[in-house]
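Below is one structure, written out as structure tokens, with a few remarks after it.
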Amino acid sequence: MSSTICLGIESTAHTFGIGIVDSSGKILANVIKAFTTEKGGIIPGEAAEHHVEVCDEAIREALGSAGIGIRDVGLVAFSRGPGMGHCLRVGAFAARTLSLHNKIPIIGVNHCISHLEIGRLLTPAKDPVLLYVSGANTQVISFEGGRYRVMGETLDIGVGNFLDVFARHIGIGFPGGPKVEQLASKSSSYVELPYVVKGMDVSFGGLLTNLKQKFDSKKFSREDLCFSLQETAFAMLLEVSERALAHCGKNELLLGGGVACNKRLQEMARVMCEERKAKLFVPDDRKVLVDNGAMIAWTGLLMHKAGMRMGIEETAIRPYERTDDVEVKWR
Ligand code: AMP
Ligand code: MG
């Protein structure tokens, strides 16, 4: 059989996703079920419970919209890490069950690398530096010396969490990113904020505290604070991305992760790339930027095509897996 259909399962954090992709890279289905809370952050046990509840329905929905049955699936891929143990376990359990019950090969995939691989599939980018900006993760990733390396990253919280926590603090709800973006578009008045870049890394903790204090002082409008937040945080991210491009001698920047949906971030990235004659790539489907199963399925296919195989006993989750722990045989 020359063409393989892969079912990919994503469950590293608040999203349970099932993607179905064929070996030509065609996305046949990409079902996303996101767990959200009104108050507070994600409690791992609650998110995992959500994943258990929606698992069966998500698989049926994905098979239905792809117009296939489980017998047509030739490979099962799942996110093995990094992520929250409770959540990862649900995806891994579902993958093993599908694999054993239907005698389908199984493969565990690194979540961060999948964000990069789906971008390489859906844009003309060949060897990009990835600015991966999501809820929990903020990393600049580049393929160097046979592995995906983290060139820079957040020293504390992910930029998405930073946006979400600030949004909750000022009472605009969850998820915060889109709401902050909306308010920011109504202002162009910059309030001075701490700008924290340390070498190749960024940090958002101090910026978050400063923003909360400014909001609580009642001296600044929500709009001005959201505008200034975006200008500052995104400039920090693009400074380290630009340094990574220069350091790695690359001329393609790819955006991935939920925060990459932000139009202002995209615009700032475009300006930076133009100035250094680099190309910017942003997949235009929101569903492949946020956590999703299609990127897991596609990365699983790449690994499988390169001859990588895993026995069921090798499919343990890896909540703390580092990007450069992963052996890359497909490039
Ligand atoms: P992910 O973890 O990749 O699934 O992405 C979720 C994160 O993306 C959340 O923290 C959201 O607040 C953030 N997000 C989604 N849309 C936007 C947007 N338009 N601007 C900024 N952040 C966003
Ligand atoms: Mg992600």
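In listed order, ligands and their atoms are each counted from 1.
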>> Check this for me, if you would: do Lys250 and Glu144 make a salt bridge, where the nitrogen-to-carboxylate-oxygen distance has to be below 4.0 angstrom?
In response: yes

>> Side chain, backbone, both or neither: which applies to Glu10 and ligand 1 if a contact is any heavy-atom pair less than 4.0 Å apart?
In response: neither

> In ligand 1, which numbered atoms sit nearer than 4.0 Å to a non-hydrogen atom of Val290?
Replying inline: 3 (O), 4 (O)

> At the Mg ion (ligand 2), what angle lies between atom OD1 of Asp291 and atom NE2 of His111, rounded to 10 degrees?
Replying inline: 90°

>> Hydrophobic cluster membership, with links at side-chain heavy-atom distances under 4.5 Å among I/L/V/M/F/W/Y: are Val202 and Ile141 in one?
In response: no

> Could an N or O of ligand 1 be found under 3.5 Å from any N or O of Gly258, whether backbone or side chain?
Replying inline: yes

> Under 4.0 Å from any heavy atom of Glu181, which atoms of ligand 1 are there?
Replying inline: 18 (C), 19 (N), 20 (N)

> Would a 4.5 Å heavy-atom cut-off, applied to side chains only, mark Pro124 and Phe281 as touching?
Replying inline: yes

> Parallel, tilted or perpendicular: which fits the ring planes of His50 and Phe35, with parallel below 30° and perpendicular above 60°?
Replying inline: tilted

> So which bit of Leu163 gets within less than 4.0 Å of ligand 1, heavy atoms only: side chain, backbone, both or neither?
Replying inline: side chain

>> Quick one, Leu131 and Leu238 - any side-chain contact, counting heavy atoms below 4.5 Å?
In response: yes

> Which protein heavy atom lies closest to atom 4 (O) of ligand 1, and at what distance to 0.1 Å?
Replying inline: Asp291 N, 3.3 Å

>> For a 4.5 angstrom cut-off between non-hydrogen side-chain atoms, does Leu193 reach Glu231?
In response: no

> Are Leu163 and Val133 connected in the hydrophobic side-chain network, where two residues link if heavy atoms are under 4.5 Å apart?
Replying inline: yes

> How far apart are the C-alpha atoms of Leu122 and Ile118, what are their side-chain angles, what is the distance that settles it, and do they pass the side-chain contact (heavy atoms from CB on, under 4.5 Å) test?
Replying inline: CA-CA 6 Å; Leu122 298 174; Ile118 196 74; 3.8 Å; yes

> Which atoms from ligand 1 have a heavy atom of His14 less than 4.0 Å away?
Replying inline: 2 (O), 4 (O)

> Which atoms of ligand 1 are found less than 4.0 Å from any heavy atom of Gly135?
Replying inline: 1 (P), 2 (O), 5 (O), 7 (C), 10 (O)

> So does Arg60 pair up with Asp56, basic N to acidic O under 4.0 Å?
Replying inline: yes

> Of Thr12, Thr15, Asp164, which has the heavy atom at the shortest distance from atom 9 (C) of ligand 1?
Replying inline: Asp164

>> Does any part of the side chain of Asn292, heavy atoms only, come nearer than 4.5 Å to the side chain of Thr15, both counted from C-beta?
In response: no

>> I'd like to check whether Asn262 has a polar contact with ligand 1, where a contact means an N/O of the residue lying under 3.5 Å from an N/O of the ligand.
In response: yes

> Closer than 2.8 Å to the Mg ion (ligand 2), do we get an N, O or S atom from Ser134, backbone or side chain?
Replying inline: no

> Nearest to atom 22 (N) of ligand 1 by heavy atom, Ala13, Gly176, Gly177: which?
Replying inline: Gly177

>> Give the atom numbers and elements of ligand 1 that come within less than 4.0 Å of a heavy atom of Arg286.
In response: 15 (C), 16 (N)

>> Is it true that Asp291 and His111 share a donor-acceptor pair across their side chains at a distance under 3.5 Å?
In response: yes

>> Between the Mg ion (ligand 2) and His115, which N, O or S atom of the residue is the nearest one?
In response: NE2

>> Show the atoms of ligand 1 that are less than 4.0 angstrom away from any heavy atom in Gly160.
In response: 10 (O)

> Going by the order shown, which atoms of ligand 1 are within less than 4.0 Å of some heavy atom of Gly257?
Replying inline: 3 (O)

>> Heavy atoms only: which of Ala34, Pro178, Ala136 lies closest to atom 18 (C) of ligand 1?
In response: Pro178

> Is any NZ, NE, NH1 or NH2 atom of the basic residue among Glu274 and Arg270 found under 4.0 Å from an Asp or Glu carboxylate oxygen of the other?
Replying inline: no

>> If the cut-off is 2.8 Å, does any N/O/S atom of Cys112 fall short of it from the Mg ion (ligand 2)?
In response: no

